[in-house]
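One structure is given below, encoded as structure tokens.
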2 protein chains.
Amino acid sequence: MRGVDRVLQLLEVLHTAREPLRIGELARRLNAPRSTTYDLVNTLLAAGILETYEEESRVFFGRTLHFYASDYMNGHRLSRLARKEVQDLCAGTGQTSQYCALTRDKFTVLHMETGNAMFKISSDIGIALPLPWTASGRLLVDHMTADEILAFVPEEDFILPNGHRIDRATFCAEVAAARRDDFFSTKGLVDDFAECLAVPVRDAAGVAVGCMCLITVRDRDPDERGRYLDQLHASGERLSRALSIKAG
Amino acid sequence: MRGVDRVLQLLEVLHTAREPLRIGELARRLNAPRSTTYDLVNTLLAAGILETYEEESRVFFGRTLHFYASDYMNGHRLSRLARKEVQDLCAGTGQTSQYCALTRDKFTVLHMETGNAMFKISSDIGIALPLPWTASGRLLVDHMTADEILAFVPEEDFILPNGHRIDRATFCAEVAAARRDDFFSTKGLVDDFAECLAVPVRDAAGVAVGCMCLITVRDRDPDERGRYLDQLHASGERLSRALSIKAG
DNA sequence: GACAATTGTCCTATATACTGGACATATATC
DNA sequence: GATATATGTCCAGTATATAGGACAATTGTC
């Protein structure tokens, strides 16, 4: 197999593991010969793409990736604006705020600012989650027909972490509601005591390229929830406008 | 040439360019065959390591790198602590604050928070600069002997952006002073009107693994400068202590 | 202290990834 | 509209990168 593909696999394995791995373990998870793995890892270490951790015995992502990601943020206008909106929304509400988007057929958090409230964070930046698990998941596919949605979302993704299965027709109806309201919220999906509020960021064609989310405690005082919602909508609309200006 | 090495070169070329490039231009700068370049770029695009920019005609860093860098920050304790110190120092002083370290034989900024003052930022995250251009550059080599320093710093790095050449003996004397004072400052090196204050972050062996820096206007009110310095030193010492605890 | 499992390095043969060129389109220049 | 330059795709031969195993050194376990 090609070295480049092996490297890309290797990085994905580390991302999924979310912690430093020993090289032997890496080779096992990659189904790659140990000699090849050593060769590639040493090349990546020399480039700073990987670094050794914990007494040199394990490897994980390195400083060079931090540099490249900084370039990405400088060059990618929407991502930069979204990060600022997430920071401002968190500062304005004190609640955990996120910007999310599709990665292939999954939901991923791109930016997150953690608020005062102490939730167990179930989603981390870049971790792929099934679309039906999240409020944003409804908005992110709301440009598709019901058939397209069911073809797009893998069968097994309709099963929640708790084992309960979401009905496919129900999901499609929720997507339609999300499109109608430019908004969707879920209670107790990520966390029993959390409500997740999501609004879309739409491109000039009206497709939701991302979502602004706010995570707060369930059954909060309606006035306060209303204020949060206003700020959230304003945030999403600013980003949608910025996106259209760029396109137009 | 090996695909993996080509990919690493390709990423470095984009990092140096600091803007999206056309594929043809990429191939030229890499001295790589166009067919190979197309192949690699398409592979990297599919993986999200690269993305297309500006009407699909150019490529630059992609979202996946942002994810991996987020993993790096989660896993790398010192980098995470340093980022927080930079944020706090900037918040506490209102001045541009940085955490810097060696990358091979060059100076690089790892974290930066821009203050109120409007300097033209000459250094960006991950951009390699000659050590003699910076205050931190003195501290980062202060565990070396004069001979080691002169062997370590490339000849041409002693020439400043304005063309003036720094005397090598003077530089070594400045390094010695930096070691003695646990501090170094430069005036007008990056910017005519800026003073750069730097303190070391030392590991258990006393080697400066990084520097906290504060960039401020020259000839500032001595009291204010003194307050900045106190905060800067406190920051550096907290990081040094955190590093020793980890090691010890 | 013997045993087992892992780490890191080195080697050779062969499958294959890379090169270099040709080609059709597209885009810019005069 | 003719010329020049760039883009994106495809192909076949060969240089070479990868697989796979052997080896010594290290580490952990009972």
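Remember, it's a predicted structure, so these values are computed and weren't measured experimentally. Letters A, B, ... mirror the listed sequences (proteins, then strands); counts begin at 1.
Summary of helix geometry: the two end axes of the helix from dG1(C)-dC30(D) to dC30(C)-dG1(D), each defined by five base pairs via their C1' atoms, are inclined to each other by 60° (rounded to 10°).
Partners of His15(A) under the ring pair (Phe, Tyr, Trp, His ring centres under 6.0 Å) rule, at least two apart in sequence or in another chain, are Tyr68(B). For Arg63(A), the side chain to side chain donor-acceptor pair (under 3.5 Å) partners at least two apart in sequence or on another chain are Thr103(B). Under the side chain to side chain donor-acceptor pair (under 3.5 Å) criterion, Asp105(A) pairs with no residue, sequence neighbours left out. In this structure Phe60(A) satisfies the ring pair (Phe, Tyr, Trp, His ring centres under 6.0 Å) test together with Tyr53(A), sequence neighbours excluded. Remark: Phe158(B) engages Phe171(B) in a ring pair (Phe, Tyr, Trp, His ring centres under 6.0 Å) (not counting sequence neighbours). Remark: Glu19(B) engages no residue in a side-chain contact (heavy atoms from CB on, under 4.5 Å) (not counting sequence neighbours). Glu155(A) meets the side chain to side chain donor-acceptor pair (under 3.5 Å) test with Arg165(A), Arg168(A); sequence neighbours excluded. Under the side chain to side chain donor-acceptor pair (under 3.5 Å) criterion, His111(A) pairs with Ser79(A), sequence neighbours left out.
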Given salt bridge (charged side-chain N to carboxylate O under 4.0 Å, His left out), test Asp142(A) with Arg138(A) step by step and report yes or no.
-> CA-CA 6 Å; Asp142(A) 76 357; Arg138(A) 274 73 180 170; over 6 Å; no
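One can place CG of Leu45(A) at 11 Å from P of dT9(C), the figure rounded to the nearest angstrom. To the nearest angstrom, P of dT18(D) lies 9 Å from CG of Asp5(B).
Using modelled atom types, no side-chain atom of Thr134(A) and backbone atom of Pro130(A) make a donor-acceptor pair closer than 3.5 Å.
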Could you list, one pair per line, each protein nitrogen or oxygen that sits under 3.5 Å from a nitrogen or oxygen of nucleotides 8-10 of chain D, together with the distance?
from, atom 1, to, atom 2, distance (Å)
dG8(D), OP2, Tyr38(B), OH, 2.9
dG8(D), N7, Arg34(B), NH2, 3.4
dG8(D), O6, Arg34(B), NH2, 2.9

Check nucleotides 14-18 of chain C against the protein and report each pair of N or O atoms closer than 3.5 Å, with its distance, or say if there are none.
from, atom 1, to, atom 2, distance (Å)
dC18(C), OP1, Gly3(B), N, 3.0
dC18(C), OP2, Arg2(A), NH1, 2.9
dC18(C), O3', Met1(B), O, 3.3

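In this structure, a donor-acceptor pair under 3.5 Å is absent between the side chains of Arg29(B) and Thr16(B). Neither side chain, Glu113(A) nor Ser97(A), offers a donor N or O lying under 3.5 Å from an acceptor on the other.
Side-chain atoms of Tyr99(B) and Val201(B), non-hydrogen and from C-beta on, do get closer than 4.5 Å to each other.
DNA chain C is contacted by no residue of residues 24-32 of chain B, taking any non-hydrogen atom closer than 4.0 Å.
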